[in-house]
Amino acid sequence: MTIARPRGTNDILPGESEQWQVLEEAIHRICQAYGYREIRTPIFEHTELFERGIGETTDIVSKEMYTFSDRGQRSLTLRPEGTAPVVRSFLEHKLYGQALPTKLYYVGPMFRYERPQAGRYRQFYQFGVEAFGSGDPALDVEIIAMPIQVYKELGLETFEVCINTIGCPDCRPAYREALRSHLADSKSQLCRSCQTKYDRSPMRILDCKEATCQELTKDAPLILDYLCSGCRDHFAEVKRYLELLEVDFVHDPRLVRGFDYYTKTVFEIKVESLGAQDAVGGGGRYDRLVEEMGGPPTAGVGYGVGMERVLLALQQQAGDALKPSGMDGFLAQFGGATKEQAVVLAHRLRALGLKVDLDYLDRSLKAQMKAANRSGARWVMIIGQEELENNQARIRWMYDGTEEAVDFDTAAQYLAAKGKEPITQ
RNA sequence: GUGGGUAUAGCUCAGUUGGUUAGAGCGCCAGGUUGUGGCCCUGGAGGUCGCCGGUUCAAGUCCGGUUACUCACCCCA
C-alpha cells in the first residue's frame, strides 16, 4: 500500500460527489428561502475561541480538538463546530450594529479527534444556521422547521424530532440543586462518568444510557416544574407554533445536549436506522453566548446538521433521487480528419451547454460505442470518412438505435434543441 | 482512551486436517462484426495473500506482535 488517507477522513469520489452537490444545492436554496445568508469563516481559529465558546469541561474541548502551534507560536485549532466561529465573526465585524435579526448559515468541514465509527468521522461536514438578535419563540420554530424541509425535499421522510427546554441561568440553578438532592443518596450507584457530572453538570446525567443511571433518574424532578415564567411561556409558545406548522415532535424531558451555552429550547432530529450515531441534526437557543464572548447582550438560536449522516439516511431511504445524470452525447471518430471534425463539434456542443465526450485512446468504433453507452449518452455522433465526404454527421439515438444524418453546420444547434426534450424511453 | 469483528485481484468474496504454477463472480481490455452500445460467446491483463517475526521439510492456512478498516462504549453531527 502507498500512503493512505488519515484515519477518520474520507475521499468523496465521483458517484458520491454528485450526491453532495444535490444536498448542497438544497441547503443553499432552502436557507435563502428563509432569509439566511451564507457566511464563510476560517477552518482554523485561535484555540481560546473554542475553550471560551464551547466550554472547557466539554468532551470536545478537553480531548477532541485538533490543536497545533504555528510558526509564530500561536495556538490554533481546527474548528470542531460552527457556532463559536460565527459568533466571533458576528462580533468582530460588529454585525449587531446592522438591522436585526442577523440570519446566517454556513456549510463546511469540522474536525474532532474521535474514534471513527458509522456516521462519525474526524473530518466531517456540517451545515448550520445561526440567528442573532431575537428571542422570539417563532424564530426557534423557524430554526427547527428549516432542516426538516431540507430532509423532506431530498426524500428523507422517516425521522423523529425531539425538543426540550433546559431553562435559563435564572431558573436552572434551582433545578440543578433539586436534581442533586434527588440523587444525593444514590450518588455512589451512578456510573463513573455520571459521578463526575453530578458536580459539574447534573442535567447531563438525565441522558446517560446506563440502565442503572436511567433507573435512578426515573422519578427525578422535571425541569418543567422549575422554569421561571419567561422560560415556561417561551416553551409553550414553541410548542404552539410547532403545532401550527404541523411539525410532528416529541417532548423528551431528558434531552439536554452537550454544549454549555444552550438556554431554553434544545432540539435534536434522529434517524433510527443510522445505528448508534443517529442524530442527523440538533441545536437550540443560546441567549447568553454572545455576551459571554464579549459582545452586547444578544439572543441567539441555531442548529447544526451532519451532512454525512443525512446522506447515509438518504441512501437508505431515498435510493433513486441521488442518481447522477449521465452525459448528453458522445462523438465517435476514426482518427485523422474525422477526429478534427469531432473535436471541433464537441467544442461547439460544449459551448452550448451540452455534456459531451469523445475518445482519446484511438479505440475502435465498437469500443467507443461501449464507452458512450457507459457514460449514459443519449446519442452518439459518428463521424467517419463517408460522413466527411457528405458533410453530414450520423446521429445514433441510443435508446432505440435509430439513426439520422445531420449537416455538420447545424448539428450542434439541432442536438442542443433536441437535448432539452424529455427522453421518451 | 476501552472492547469485539475483519484484512486474499479494481470490487464482492471462496480457499479443505498446513502440501506443488492461489481461484470464482462482477468490472476492465481485446476478439467474435475490415464502421455500431446494451444480451451472449471466447481470450487476456491484473495478486509482495495488510506488515514484521516465530513454529515447520513446507504457512494464504497455526502462533505472537503490529498497522489499518469496521462496529460498539464514551460523546456527538
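Because the structure is predicted, anything quoted here is derived from the model rather than measured. Labels below follow one simple rule: chain letters A, B, ... track the order of the sequence lines, proteins then strands, and each chain is numbered from 1.
With RNA chain B read from its 5' end, the first of the two nearest nucleotides for A:R120 and A:R5 is the one closest to A:R5. Between A:E403 and A:D278, the one whose closest nucleotide on RNA chain B sits nearer the 5' end is A:E403.
Look at NZ on A:K270: it is 12 Å from P on B:rA77, rounded to the nearest Å. Straight-line distance from the CE atom of A:M398 to the P atom of B:rC39: 12 Å, rounded to whole Å. Atom CZ in A:F159 sits roughly 16 Å away from atom C1' in B:rA77 (whole-Å rounding). In this entry the distance linking CG of A:N390 with C1' of B:rG35 reads 14 Å, nearest Å. Look at CZ on A:R363: it is 6 Å from P on B:rA30, rounded to the nearest Å. The distance from atom CG of A:N10 to atom C1' of B:rC69 is 12 Å, rounded to the nearest whole Å. Put simply, CG on A:D11 is 17 Å from C1' on B:rC11, counting in whole angstrom units.
Scored by the side-chain hydrogen bond (donor to acceptor under 3.5 Å, both in side chains) test, A:K355 finds A:S325 as partners (sequence neighbours excluded).
When heavy atoms are screened at a 4.0 angstrom cut-off, A:Q333 is found touching no nucleic acid atom at all. At a threshold of 4.0 angstrom between heavy atoms, the contacts of A:I382 include nucleobase atoms, whether or not backbone atoms are also involved. Among the heavy atoms of the strands lying under 4.0 Å from A:E114 is at least one base atom, whether or not backbone atoms are also near. As judged by a 4.0 angstrom heavy-atom cut-off over every strand, A:F334 is placed among the base-contacting residues. If you check every strand for non-hydrogen atoms under 4.0 Å, A:G401 touches a base.
In this structure, A:Y151 has its ring center closer than 6.0 angstrom to the ring center of A:F159. Checked against the 6.0 Å centroid threshold, A:W20 and A:Y125 count as a close aromatic pair.
Remark: A:Q277 is not in phosphate contact with B:rA77, judged by side-chain N or O atoms under 4.0 Å from OP1 or OP2. Here A:K197 reaches the OP1 or OP2 of B:rC75: one of its side-chain N or O atoms lies under 4.0 Å away. Listed pair A:R204 / B:rC76 meets the phosphate criterion, a side-chain N or O lying under 4.0 Å from OP1 or OP2.
The same atom, C1', is picked in B:rG50 and in B:rU6; the two are 11 Å apart, to the nearest Å. Spacing between B:rU20 and B:rA68 at atom P, rounded to whole Å, works out to 34 Å. B:rC57 and B:rG18 have their C1' atoms separated by 12 Å, given to the nearest Å. B:rA9 and B:rG5 are spaced 24 Å apart, taking the C1' atom of each and rounding to whole Å. Rounded to whole Å, the separation between the C1' atoms of B:rU61 and B:rG19 comes to 11 Å. When the P atom is used for both B:rG15 and B:rG23, the distance is 15 Å, rounded to whole Å. With P as the reference atom, B:rU66 and B:rG4 are 13 Å apart, rounded to whole Å. B:rU70 and B:rU33 are spaced 48 Å apart, taking the P atom of each and rounding to whole Å.
A salt bridge is absent between A:E157 and A:K152; no separation between the charged side-chain nitrogens and carboxylate oxygens falls under 4.0 Å. A salt bridge links A:E142 with A:K103: the distance from a Lys NZ or Arg NE/NH1/NH2 to an Asp or Glu carboxylate oxygen falls below 4.0 Å. Here A:D252 does not pair with A:R254 in a salt bridge; the nearest charged N to carboxylate O distance is not below 4.0 Å. Using a 4.0 Å cut-off between charged nitrogen and carboxylate oxygen, A:R120 and A:E114 count as a salt-bridge pair. One finds no salt bridge joining A:K270 and A:E160 here, because no Lys/Arg side-chain nitrogen approaches an Asp/Glu carboxylate oxygen to under 4.0 Å. A salt bridge links A:R285 with A:D140: at least one charged nitrogen is closer than 4.0 Å to a carboxylate oxygen. Using a cutoff of 4.0 Å between basic side-chain nitrogens and carboxylate oxygens, A:E243 and A:K239 are not scored as salt-bridged. Note on A:E292 versus A:R288: no salt bridge recorded, every NZ/NE/NH1/NH2 to OD/OE distance being 4.0 Å or above. Remark: A:R350 engages A:D357 in a salt bridge, criterion side-chain N to carboxylate O under 4.0 Å.
A donor-acceptor contact under 3.5 angstrom links the side-chain atoms of A:R115 to the base of B:rG3. Applying the 3.5 Å distance criterion, the base of B:rG38 shares no donor-acceptor pair with the side chain of A:R374. Within 3.5 Å, no donor on the side chain of A:Q368 pairs with an acceptor on the base of B:rG35, nor the reverse. For B:rC76, the base has no donor-acceptor partner in the side chain of A:R112 [N/O atoms by modelled type, under 3.5 angstrom].
Nearest to the side chain of A:K63, among B:rG35, B:rA77, B:rC74, sits B:rC74. Taking the side chain of A:A118 as heavy atoms from C-beta on, and the options B:rC69, B:rC29, B:rA72, the nearest nucleotide is B:rA72. Listed nucleotides B:rG35, B:rG37, B:rC74 differ in distance to A:E386; the shortest reach to its side chain belongs to B:rG35. Of the listed nucleotides (B:rG37, B:rG35, B:rA72), B:rA72 has the atom at the smallest distance from the side chain of A:Q117. Taking the side chain of A:S364 as heavy atoms from C-beta on, and the options B:rG31, B:rG35, B:rC71, the nearest nucleotide is B:rG31.
Across A:F127, A:Y106, A:Y36, A:Y105, a single residue satisfies ring pair (Phe, Tyr, Trp, His ring centres under 6.0 Å) together with A:H28, and that is A:Y105.
Remark: RNA chain B takes part in the stems B:1-7 with B:67-73, B:10-13 with B:23-26, B:28-32 with B:40-44, B:50-54 with B:62-66, each of 3 or more antiparallel Watson-Crick or G-U pairs, criterion distances under 3.5 Å.
Residues from residues 23-42 of chain A placing a heavy atom under 4.0 Å of any atom in RNA chain B do not occur. Scanning residues 299-308 of chain A for heavy-atom distances under 4.0 Å to RNA chain B yields A:G304, A:G306.
Atom CZ of A:F111 and atom CD1 of A:I43 lie 5.0 Å apart (nearest 0.5 Å). Taken to the nearest 0.5 Å, the SG atom of A:C171 stands 11.5 Å off from the CZ atom of A:R176. Note that the CD atom of A:Q333 and the CD atom of A:E387 stand 12.0 Å from one another [nearest 0.5 Å].
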Under 3.5 Å, which protein N or O atoms sit close to an N or O of nucleotides 40-42 of chain B? Give each pair with its distance.
none

Pick out the pairs of N or O atoms, protein on one side and nucleotides 5-8 of chain B on the other, that lie under 3.5 Å.
none

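The closest donor-acceptor contact from the side chain of A:S364 to the backbone of A:A367 lies under 3.5 Å.
What you find for A:A276 and A:Q117 is that their closest heavy atoms are CB-NE2, 3.8 Å.
A:Q123 and A:T9 form no side-chain donor-acceptor contact under 3.5 Å, judged by distance and modelled atom types alone.
Relative to the six-membered ring of A:Y113, A:R122 meets both conditions, a distance below 6.0 Å and an angle of at most 45° to the axis.
In this structure, A:F124 counts as stacked on the base of B:rA77 under the 5.5 Å centre distance and 30° plane angle limits.
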